[in-house]
Amino acid sequence: GRSGNSNITLLVADIEALTGEEQQVHQIFNDLYYTVSLMDDDRASVSNLTSTHLVVVVDNDRLSSSLVDDLIDDGVAVLLLHDGMRNVATSCLYLYTAGNYTYLRVRAEEDPFKAYYGLSTQIQSGSNAGRVTSVPTGWTMVASNVQSNSYYTVLTKENATSGGKAITF
């Protein structure tokens, strides 16, 4: 069974009309018995999110990079999925149709993939995904797709004092 903190907030543009990606992420967390709250991205602030354990974003323009930094500094975890990584870095979408694009290569001995350093694994069979074309200041590149060393997929940032952290995927 699952253990640990379970208060998750999914930032969305419209709580009455989730995008397809937002619906999928919401369902996955619900199926794993997490408590998932929806919050309109216009209400996103440190004061409104400080009691959440994890903020999840799957689309661009849901929060600013400075708010991500403030949440990390306040001890909140932030998960930027799919196009959500555009909130902190220059990125673009591309199709994961070619074989090398469907594989993730762990390129740094960093958590959460430290045990998999140097290995590659298939992460999806198709659909769109995000990649970061430039690692932002203060972030650590952990993994890329196999197609190119510069197609960064997983970036992390952490505040060791507050315990807040963020990851893109």
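These figures come from a predicted structure and were not determined experimentally.
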**OP:** To the nearest 0.5 angstrom, please state how far the CG atom of L155 sits from the OG1 atom of T140.
**Re:** 8.5 Å
**OP:** Compare all side-chain heavy atoms of V55 with those of V76 and state whether any distance is below 4.5 angstrom.
**Re:** yes
Original post:
Looking at side-chain heavy atoms only, is the closest gap between L10 and S37 below 4.5 Å?
Top reply: no
Subject >> Min side-chain heavy-atom separation L63-D41 under 4.5 Å >> reply: no
Original post:
Can you find a heavy atom in the side chain of W139 that is under 4.5 Å from one in the side chain of V68?
Top reply: yes
**OP:** Look at atom NZ of K157 and say whether more than 12 heavy atoms of other residues, nucleotides or ligands are closer to it than 6.0 Å.
**Re:** yes
Original post:
Looking only at atom types and distance, does a side-chain atom of E21 sit under 3.5 Å from a main-chain N or O of V58, one as donor and one as acceptor?
Top reply: no
Subject >> CA sep, side-chain torsions, deciding dist, call: V56, F29, side-chain contact (heavy atoms from CB on, under 4.5 Å) >> reply: CA-CA 10 Å; V56 180; F29 282 116; 4.0 Å; yes
**OP:** Under the side chain to side chain donor-acceptor pair (under 3.5 Å) rule, collect the residues that match up with T137, sequence neighbours excluded.
**Re:** none
**OP:** Could you check V88, L81, T156 and say which one makes a side chain to side chain contact (heavy atoms under 4.5 Å, CB included) with T168?
**Re:** V88
**OP:** Say whether R105 and S144, considering side chains only, have a donor N or O and an acceptor N or O under 3.5 Å apart.
**Re:** no
Subject >> Heavy-atom donor-acceptor pair, H53 side chain to I8 backbone, under 3.5 Å >> reply: no
**OP:** Give a yes or no answer on whether the side chain of N7 reaches the backbone of S51 with a donor-acceptor pair at less than 3.5 Å.
**Re:** yes
Original post:
What are the two closest non-hydrogen atoms of N48 and R43, and how far apart are they?
Top reply: ND2-O, 2.7 Å
Subject >> Nearest non-hydrogen partners of V36 and N30, listed with the distance >> reply: CG2-OD1, 4.1 Å
Original post:
Is there side-chain contact between I167 and V154, with heavy atoms separated by less than 4.5 Å?
Top reply: yes
**OP:** Describe, in one word, how the ring planes of F113 and F169 are oriented to each other, choosing from parallel (under 30°), tilted (30 to 60°) and perpendicular (over 60°).
**Re:** tilted
Subject >> Separation of D69 CG from S64 OG (nearest 0.5 Å) >> reply: 8.5 Å
Original post:
Which value, rounded to the nearest 0.5 Å, describes the distance between L11 atom CG and L49 atom CG?
Top reply: 5.5 Å
Original post:
Which pair of heavy atoms, one from Y116 and one from V106, lies closest together, and at what distance?
Top reply: O-CB, 3.4 Å
Original post:
Roughly how far, to the nearest 0.5 Å, is CG of L18 from NE2 of H26?
Top reply: 7.0 Å
Subject >> N-O pairing of D59 and R62 below 4.0 Å >> reply: yes
Original post:
Counting only N and O atoms by type, is there a donor-acceptor contact under 3.5 Å from the side chain of E22 to the main-chain atoms of T19?
Top reply: yes
**OP:** Could you tell me whether the side chain of L54 reaches within less than 4.5 Å of the side chain of L79, counting heavy atoms only?
**Re:** yes
**OP:** Could I get the full list of side chain to side chain donor-acceptor pair (under 3.5 Å) partners for T50, not counting sequence neighbours?
**Re:** D74
**OP:** May I ask you to test the V46-L67 pair for a side-chain heavy-atom distance under 4.5 Å?
**Re:** yes
